[in-house]
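Only a predicted model underlies this, so the values are computations on that prediction, with no experimental measurement involved. Naming: A, B, ... by sequence-line order, numbering from 1 per chain.
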Amino acid sequence: MRVYNTLTKKKEDFVPLRENKVGMYVCGVTVYDYCHIGHARSILVFDMIYRYLKNKGYQVTYVRNFTDVDDKIINRANKEGVSSKEIAERYIEAFYQDVDTLGALRPDVEPKATEHIAEMIELIKRLEDKGIAYKAGEDVYYEVRKFPEYGKLSGRSLEEMMAGARIEVDEKKRDPLDFALWKASKPGEPWWESPWGKGRPGWHIECSAMSMKYLGESFDIHGGGMDLIFPHHENEIAQSEGATGKPFVKYWIHNGFVNINKEKMSKSLGNIILIRDILSRWDAEVLRLFLLKTHYRSPIDFSYDLMDSEKESLDRLYRTKEKVEDLLAKKTSASADEETQKVVESIKSLHNSFFEAMDDDFNTALAVGKFFEAAREFNRFVDRSGASEAQKALVAEAMDAFMKDVQDVFGILQKPASLWFAVPEDGLPLPKEEIEKLVAERAQARREKNFKKADEIRDYLKSKGIVLEDRPDGTTVWRLQG
RNA sequence: GGCGGCGUAGCCAAGUGGUAAGGCAGGGGACUGCAAAUCCCUCAUUCCCCGGUUCGAAUCCGGGCGCCGCCUCCA
């Protein structure tokens, strides 16, 4: 398996530090508001990576934190006149609602910053002892000039950054790029006792402290959105390696951004789309497929139209799944004849290509394409050949094996097809009884060759948004349009 | 100003030296009483433009145009 490493700017062979074990840390969210589509991408990209590593047999320890002490939380709390704790708890709960609906697997550990203050203080003390951190007033800063490799992740030198610095010069800092490890708390802010007085941690130190606590001083994968490369991850490296003298992370993985109409989503542009808004309109699997069809490092442009067309794609895969389910239900023991064998081999070969694509830096777009090709092979055999049900079932088994991995790794096609196509009991354009009565009437009319009446009924239902599908066995199924 | 990315069909998108995956939409056909679904064919002689390297380039090099991100909180 090869993985693109932000640190080296190259694809590298993936070799975990400890055989068969993978430690993975992903920067979670600051809990001061509802999560948006950008968070969803990061969550789902790393969910896919976590799922794939497990699927390949690695023993993965996945850690994702909550930043529950931060300026933005404090501001929100003050604005609402409640405690920071209350804000954090509220949005942690909202976060869980969102990720659960998205079908993202829970990480193995989900540490909160406020529960690891002691570890952070410990780490800051280590840096202080080494002379890398300095106290300035009640604050403690990291002295970037003491870490010669500062800038290695983001690919810039201190000199370049100094030249282009738009950072306001803080009198207390020795250097404008120095960053806070510990901040003295102002009145009304949460605080903890520390060797430097009452205060709270800087943002970057929590990830160094928590990742090393749960994964060790050196671990395999650290991920997050592209925007975290600088300064957050750069500072994490400086803190961790500065303290331990050991390489912090082997592979840095960063996902691309979600844009709205080619523009970055931002509060100031007012183009934020929340996860919960999307999930009220589409099933989470539609969003997953939408994201999967673009490589995780590329920017992706979100739009409702694109989601609609992705829904069409998924429906198609579910129709295929429906046929697989039906065939497996009545499977019999038979050995494959020559034609069947050919199709089975072809599907297996595509199944294999799926893994090859995934092994190449998680090329989900290619991998999804392979599954669509297999679906076509399967449909062609099942709907067109004169093969027996037993032979078709053998092909369905090969397709099912492929689909199991797609479900496992991509988190799509997880429902029974009947559930996917199930119509809601309420909110139907017509009462369910009436629809079924009309469908039965039409069936009668068709038996009597009264096609005029049959078509009238079908057109009427169509005008109400109900589509009929006559099966070869004489039955008729109905579905809601799009 | 510094650093980085991108530009492939109507739309989305994979492909980084060997002759353009896949999906959505569209057109034609098979199937069907007619449809729907499914399948087949079709839909980029060409990958932003101009030069160059090469037997061979969407892929490498040089120049240009356009879009975007980071350098400040940010997934």
**Student:** Given B/rC24, B/rA75, B/rC73, which nucleotide is nearest the side-chain atoms of A/Pro231?
**Tutor:**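 Of the candidates, B/rC73 comes closest.
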**Student:** Please state how far atom CH2 in A/Trp203 lies from atom P in B/rA75, giving the value in whole angstrom units.
**Tutor:**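 My rounded result for the distance is 7 Å.
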**Student:** I need the CG-P distance between A/Asn271 and B/rG69, as an integer number of Å.
**Tutor:**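 Value for this atom pair: 11 Å.
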**Student:** What's A/Lys72 touching, base or sugar-phosphate or nothing? Going by heavy atoms closer than 4.0 Å.
**Tutor:**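 Result for A/Lys72 = sugar-phosphate.
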**Student:** Out of B/rC34, B/rU38, B/rG22, which has the shortest distance to the side chain of A/Asn379?
**Tutor:**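 Comparing B/rC34, B/rU38, B/rG22 against the side chain of A/Asn379, the answer is B/rU38.
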**Student:** Across the strands shown, which category fits A/Phe371 at heavy-atom distances under 4.0 angstrom: base, sugar-phosphate, nothing?
**Tutor:**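 The residue A/Phe371 makes no contact with any strand.
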**Student:** Would you please confirm or rule out a distance under 4.0 Å between OP1 or OP2 of B/rG5 and any side-chain N or O of A/Arg297?
**Tutor:**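 Looking at the OP1 and OP2 atoms of B/rG5, neither is under 4.0 Å from any side-chain N or O of A/Arg297.
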**Student:** Can you pull out the residues from residues 441-459 of chain A that lie within a 4.0 Å heavy-atom distance of RNA chain B?
**Tutor:**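 Nucleic-acid contacts, sorted: A/Arg442, A/Arg446, A/Phe451, A/Asp455, A/Arg458.
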**Student:** Between the main-chain N or O of A/Ala113 and the side-chain N or O of A/Asp68, is there a donor-acceptor pair closer than 3.5 Å?
**Tutor:**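 Side chain of A/Asp68 to backbone of A/Ala113, a donor-acceptor pair under 3.5 Å: yes, one is there.
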**Student:** Look at A/Lys183 together with A/Asp71 and state whether they make a salt bridge at an N to O cut-off of under 4.0 Å.
**Tutor:**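 A/Asp71 and A/Lys183: salt-bridged.
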**Student:** Please report the distance, rounded to the nearest Å, between CZ in A/Arg380 and P in B/rC39.
**Tutor:**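 For the pair A/Arg380 CZ and B/rC39 P, the rounded distance is 8 Å.
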**Student:** In the structure shown, which nucleotide is the Watson-Crick or G-U wobble counterpart of B/rG66, with both distances under 3.5 Å?
**Tutor:**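 Its partner is B/rC6 (Watson-Crick or G-U wobble, both distances under 3.5 Å).
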**Student:** Could you give the distance separating B/rG29 and B/rC50 at their C1' atoms, to the nearest angstrom?
**Tutor:**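 Taking atom C1' in both B/rC50 and B/rG29, they lie 44 Å apart.
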**Student:** Please name all residues satisfying side chain to side chain contact (heavy atoms under 4.5 Å, CB included) with A/Pro107, sequence neighbours left out, ordered by chain then number.
**Tutor:**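 A/Pro107: side chain to side chain contact (heavy atoms under 4.5 Å, CB included) contacts with A/Tyr62, A/Arg64, A/Glu110.
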**Student:** Of the nucleotides B/rC73, B/rA36, B/rA75, which one has an atom closest to the side chain of A/Asp227?
**Tutor:**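 Of the options given, the side chain of A/Asp227 lies nearest B/rA75.
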**Student:** Quick one: are A/Tyr4 and A/His254 in side-chain contact, heavy atoms under 4.5 Å?
**Tutor:**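 No, too far: nothing below the 4.5 Å cut-off.
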**Student:** Between A/Ser346 and A/Lys342, is there a donor-acceptor pair closer than 3.5 Å when you use the side chain of the first and the backbone of the second?
**Tutor:**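 No; judged by distance alone, with no hydrogens or angles, the pair does not exist.
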**Student:** Rounded off to whole Å, could you give me the CD1-to-C1' distance for the A/Ile229 and B/rC74 pair?
**Tutor:**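 Going from A/Ile229 (CD1) to B/rC74 (C1'), I get 13 Å.
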**Student:** Looking at B/rC34, does its base get a donor-acceptor pair with the side chain of A/Asp470 below 3.5 Å?
**Tutor:**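 Donor-acceptor pair under 3.5 Å: yes.
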**Student:** Cation-pi check, A/Arg2 to A/Phe14: give yes when NZ or CZ is under 6.0 Å from the six-membered ring centre and within 45° of the ring axis, no otherwise.
**Tutor:**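 Verdict for A/Phe14: no cation-pi partner in A/Arg2.
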**Student:** Sugar-phosphate atoms are those with a prime plus P, OP1 and OP2; base atoms are the rest. Using that split, label each nucleotide of nucleotides 14-21 of chain B B, S or - for protein heavy atoms under 4.0 Å, 5' to 3'.
**Tutor:** SS-----B
**Student:** Picking from B/rG22, B/rA37, B/rA75, which would you name as closest to the side chain of A/Leu228?
**Tutor:**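 Nearest to the side chain of A/Leu228 among the choices is B/rA75.
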**Student:** Does A/Lys72 qualify as a cation-pi partner of A/Tyr32, given the criterion of NZ or CZ under 6.0 Å from the six-membered ring centre and within 45 degrees of its axis?
**Tutor:**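 Yes - A/Lys72 lies over the ring of A/Tyr32, closer than 6.0 Å to its centre and within 45° of its axis.
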**Student:** What contact category does A/Gly38 fall into here, base, sugar-phosphate, or nothing, at under 4.0 angstrom with non-hydrogen atoms?
**Tutor:**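 Touches a base.
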